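Here the structure comes first, spelled out in structure tokens, and everything after it is commentary.
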Amino acid sequence: MAGANGSASKSKLLIANRGEITRRVIRSAKALGIPTVAVFTEPDALSLHVKDGDEAVCLGSSPKEYTNAQKLLEVAKTTKCNAVHPGYGFLSESAEFVDMCEEAGIAFLGPKSDTMRLFSRKHDARAFAENAKVPILAGSSLLSSVEEAQAQADKVGYPVLLKATGGGGGIGIYICHSKDDLVKNFETAGRQGKANFGDAGVFVEKYVQRARHIEVQMFGDGQGNMVTFVERECSIQRRHQKIVEETPSPYVDRMGSELRQELAAAANRLGAAAQYRSAGTVEFLVDDDTAKFYFLEVNTRLQVEHGITEMVNRVDLVAWQLKLQCPGFKADSLVDFKPSHKGHAIEVRINAEDPFRDFAPSAGTLGLVEWPECSSETGVRVDSWIERGTTISPHYDSLLAKLMVFAPDRAAATNKMSAALAETKVMGVPSNKDYLACVMADPRFAAGETTTSFLKDLDFSPHGIEVIDPGMNTTVQDWPGRTKLWHIGVPPSGPMDSLAFRLANALVGNDTDAAGLEITLSGPTLCFHTDLIVAITGAAFEATLDGSPIPLWQSFKAPKGSQLAIGKVKGEAGCRGYVAVGGGVDVPLYLGSRSTFPGGKLGGLQGRALRKGDLVPLPLKIPTGIMEGVTVPADWKPTYSGGEGVWEVQALPGPNAEPDYFTPEDISTFYSSTYKVHYNSNRLGIRLQGPRPKFARPDGGEGGSHPSNVHDHVYAIGTINFTGDMPVALMFDGPSLGGFVCPATITSSDLWKMGQCRAGDGIRFKPTKLGDAYSKCLKMDHMVELLKLEAFGKVKSGKTLEQQLKALTSKLVAPDMPETSAVLERISSSESHPGAIYRLAGDRYVQVEYGPMELDLNLRVRIYELEKHLKQQGVEGLVETSPGVRSCMIE
């Protein structure tokens with residue numbers, strides 16, 4: 001395939017990097033028809049850059065292999081690459097790597113090694129810049145002692161910058177306002193320079209207090225011919241790390257064309273004097289008060305922020321690099337190229353770091369990644385390496401994406417960036433996205449007042465709930481959890497006490513599916529970083545807001561900065577509580593739900609319980625008009641048993657009751673006995689201790705040797721599963737498939753009681769009818785709906801909630817239902833049919849069994865056809881079908 005001004009068939013490119021810059025280089029290489037080889041370490045095996053390369057080679061298990069020059073060179077030779085693009089970081093500014101490549105006959109796409117050595121040592125670069133008539137700040141040569149540093153600092157005048165000569169990216173740089181600062185940081189700067197860059201040399205330089213960081217992108221052909229582009233301003237930095245860049249500079253725009261021309265001319269002189277090759281950037285410090293500029297350093301590589309220069313100048317700098325040095329290509333002459341810029345571009349760096357925790361790096365799995373529409377028409381560009389499900393490793397730089405926008409002018413570009421950030425969703429690990437949005441919204445940014453001290457006065461408050469203390473076990477849950485996934489073994493999760501959870505959401509006006517917090521036995525301490533309406537329901541937990549007691553089952557206002565402390569459950573009744581906030585908790589949806597499933601390490605906040613220091617995210621828009629002080633009527637509050645009391649739990653027969661599996665005496669004993677909750681109970685199941693059944697069968701046939709065994713069994717949520725002689729109430733994180741009998745299933749309206757019982761509690765099951773279970777569920781739905789209306793002040797005047805509920809429930813008419821029996825229907829076998837049994841499994845499930853309890857694939861085919869038929873019919877109310885071998889559970 002022929003490339004522009006050359007033959008791609010003669011080139012093959014190795015990108016000695018990872019992540020977004022590798023993808024960026026591959027994009028330009030593909031446009032030129034150049035085959036590419038991506039490299040990766042095992043932590044990066046599923047990264048998008050691995051998929052993008054024509055070939056991909058694993059460097060090994062160590063995260064450090066991207067800096068293994070010898071191994072990278074071996075990969076280049078093995079894959080027959082004749083060019084290497086280093087990206088940025090890692091070996092991109094290693095003169096030794098350049099020499100190794102060129103000795104092997106492989107083109108290194110970047111400056112010559114001598115150029116790198118010249119500019120890598122800052123004190124040498126200062127001297128070279130001075131000879132090229134580029135202004136430099138007052139400073140010293142390399143310092144041999146702290147005493148010499150003090151003398152030079154006195155000469156230059158405080159404040160000064162103490163700099164490691166081999167430093168970069170803010171490493172080894174310290175602002176010193178006094179002699180004490182200088183003495184304290186001298187050894188540290190040298191040590192950091194040695195550790196990170198192999199050079200312990202340090203020097204001092206005058207520190208400009210009101211400064212701007214302005215840089216000029218240059219490109220050279222290695223023969224002294226240079227092109228410089230309109231400047232970029234990168235003044236907004238955190239710890240000398242850029243987070244916002246724009247071009248052209250608003251400051252230079254304001255100062256006029258003379259300053260722009262002087263900056264470009266200085267960069268051009270410097271590049272020409274060094275006979276610079278490929279892309280590079282000359283960085284300047286500009287005094288905001290005097291408009292004088294001074295040389296800082298040269299980045300001898302493609303800069304992270306090169307994309308915005310491409311946008312305003314309509315060029316592809318990576319393609320320029322490829323065409324300049326890749327075999328088979330001939331670069332366009334730089335002599336006649338006259339750059340011209342148009343419009344304004346802004347870039348922000350979205351990093352996996354937590355602004356709330358002093359920008360600590362974040363690691364984990366991304367639950368949601370969404371970008372605004374990107375195209376030349378929309379003027380939005382995203383260079384990234386992430387997608388939903390990407391695992392962010394702690395081993396590498398925190399950069400997730402570069403979000404760039406282009407518009408006709410700066411004001412329009414700022415508005416576009418704000419809109420683009422609002423559309424961007426990067427959820428699952430903390431990021432600085434909201435912090436960047438705060439920068440864009442700051443009036444100083446709109447005014448172009450973007451000095452290097454900009455962030456010191458940024459008024460940023462995290463949009464979430466800070467976890468001061470997580471309590472014993474606090475998780476994010478929503479209702480009804482993950483639905484329609486039981487057939488593949490994914491449990492619904494969700495609240496163990498759905499009634500208390502739903503009422504809490506209703507108190508704060510939330511939609512039914514809003515996420516909240518579930519707490520167990522001992523609650524968390526939370527700090528609210530925005531005004532919220534909050535409600536706590538469930539067991540009688542101790543709760544205070546800024547030290548003052550607050551009532552449960554009632555909404556209250558939590559002002560910004562307030563702390564909610566939830567202690568232990570008072571007494572012995574109940575074990576779980578729920579915290580709902582207006583608007584809900586905004587963790588990403590995972591398989592359709594925000595609920596935490598710790599066993600699968602999915603959903604919620606990183607698939608786990610909350611930890612100290614977590615920030616629980618909230619939606620950007622909190623609903624307004626929610627009333628505080630809304631209370632659940634006394635008659636609606638559930639009664640929690642415990643201690644000496646006994647929980648009375650309604651259940652329906654089946655699917656495996658008498659006479660097939662249990663004796664009538666077994667069933668009578670089941671409903672008349674008091675079972676004790678075993679200490680080994682959790683969200684998977686509530687183990688119960690009580691009388692052993694006698695069973696109606698001597699064994700389980702093909703299902704197993706014990707009479708509790710069955711061949712295959714898809715379980716209903718809330719079913720009572722006899723694993724041998726011990727019953728277990730299967731709960732919301734429990735298994736979907738097993739091989740044990742279930743004589744009864746707890747009704748949906750009473751299952752919440754199992755979520756509140758604790759070890760030692762008494763449980764007594766009470767038989768009920770299908771119609772009664774149906775009516776009770778509808779009544780609970782009406783309670784939730786009415787309470788939500790009350791939260792917005794929309795309940796009909798003149799009637800209490802209790803009166804309105806009574807009016808609604810009096811009109812309830814249950815539909816025609818079959819007789820409440822464990823076996824709803826039997827079909828005898830015949831020559832054309834294996835026979836079937838339709839079993840009741842609670843008020844939400846029916847189990848269908850075909851043929852005898854034998855392993856017969858013909859029966860499995862029949863189950864498949866049943867599922868297929870039901871799907872085609874579009875049966876109203878059908879949630880899903882979950883197949884076994886000869887059985888199918890229909891919800």
Side-chain angles (χ1 to χ4, degrees), residues 118-143 149 152-170 172-177 189 201-218 228-237 240 242 245 247-274 276 280-300 303 450-454:
L118 168 66
F119 289 118
S120 67
R121 291 172 60 84
K122 287 183 168 57
H123 69 286
D124 287 341
R126 278 169 52 87
F128 188 83
E130 190 171 24
N131 289 336
K133 295 183 170 46
V134 177
I136 65 171
L137 282 164
S140 72
S141 57
L142 284 185
L143 302 166
Q152 290 296 323
D154 288 338
K155 183 178 178 180
V156 171
Y158 288 99
V160 297
L161 280 177
L162 184 64
K163 286 186 171 183
T165 187
I173 301 175
Y174 292 91
I175 302 170
C176 301
H177 293 276
V202 296
F203 64 98
V204 295
E205 187 176 79
K206 181 64 180 175
Y207 174 60
V208 179
Q209 298 192 65
R210 283 181 46 80
R212 290 175 181 264
H213 183 119
I214 294 176
E215 61 189 31
V216 175
Q217 175 74 58
M218 63 179 179
T228 56
F229 296 91
V230 67
E231 77 289 334
R232 297 187 292 251
E233 179 157 347
C234 312
S235 301
I236 299 180
Q237 302 181 14
H240 304 287
K242 305 166 188 173
E245 300 100 345
T247 182
S249 160
Y251 179 80
V252 177
D253 276 345
R254 191 161 66 244
M255 290 298 105
S257 60
E258 184 178 347
L259 177 57
R260 176 162 292 141
Q261 292 166 5
E262 288 176 355
L263 287 164
N268 204 308
R269 286 196 302 275
L270 193 63
Y276 195 88
T281 298
V282 184
E283 299 190 351
F284 297 100
L285 197 70
V286 180
D287 191 318
D288 191 65
D289 296 322
T290 66
K292 291 182 179 181
F293 66 91
Y294 307 95
F295 171 77
L296 272 180
E297 62 180 352
V298 173
N299 292 129
T300 52
Q303 201 82 330
T450 53
T451 66
T452 53
S453 61
F454 180 92

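Owing to the predicted nature of the structure, the values given are computational and were not obtained by experimental measurement.
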Just jot down the salt bridge (Lys or Arg N to Asp or Glu O under 4.0 Å) partners of [X], sequence neighbours excluded, or say none.
X	answer
E233	R212
R260	E231, D253
D124	R121

Measure the shortest side-chain to side-chain distance between [X] and [Y] over non-hydrogen atoms and say whether it is less than 4.5 angstrom.
X	Y	result
F293	V252	no
F128	V298	no
F203	K163	yes
R232	T281	yes
K206	P159	yes

Practice item. Begin from the C-alpha positions of E130 and R126 and carry the test side-chain contact (heavy atoms from CB on, under 4.5 Å) through to its verdict. Key: CA-CA 6 Å; E130 190 171 24; R126 278 169 52 87; over 6 Å; no
To the nearest 0.5 Å, how far apart are [atom1] in [X] and [atom2] in [Y]?
X	Y	atom1	atom2	value
D287	Q209	CG	CD	10.0 Å
L143	L162	CG	CG	7.5 Å
L142	Q152	CG	CD	11.0 Å
N268	L263	CG	CG	12.5 Å
T450	I236	OG1	CD1	5.5 Å
M255	S249	CE	OG	9.5 Å

Check your understanding: Aromatic rings Y276 and F119: how do their planes relate, parallel, tilted or perpendicular, breaks at 30° and 60°?
Key ->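 Answer is tilted, since the angle falls between 30° and 60°.
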Can any side-chain N or O of [X] pair as donor or acceptor with the backbone N or O of [Y] at less than 3.5 Å?
X	Y	answer
Y174	A189	no
T452	S235	no
R210	D289	no

Which pair of non-hydrogen atoms, one from [X] and one from [Y], has the smallest distance, and what is that distance?
X	Y	value
V216	F284	CG2-CE1, 4.0 Å
M218	A267	SD-O, 4.0 Å
I175	L161	CG1-CD2, 3.5 Å
A138	V156	O-CG1, 3.9 Å
A149	V204	O-CG1, 4.5 Å
Q217	G280	NE2-O, 3.0 Å

Review point. Between E215 and K242, does at least one N-O distance fall below 4.0 Å, as a salt bridge requires?
Key: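 Salt bridge: yes.
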Exercise for review: Flag the pair E205 and K122 as a salt bridge only when some basic side-chain nitrogen lies within less than 4.0 angstrom of an acidic carboxylate oxygen.
Suggested key: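 Salt bridge: no.
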Point to revise | Sole residue of I136, I214, L296 in side chain to side chain contact (heavy atoms under 4.5 Å, CB included) with L285 | key: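 Of I136, I214, L296, side chain to side chain contact (heavy atoms under 4.5 Å, CB included) with L285 is met by L296 alone.
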Review point. Are T165 and H123 linked by a side-chain donor-acceptor pair shorter than 3.5 Å?
Key: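 Per modelled atom types, T165 and H123 side chains form a pair under 3.5 Å.
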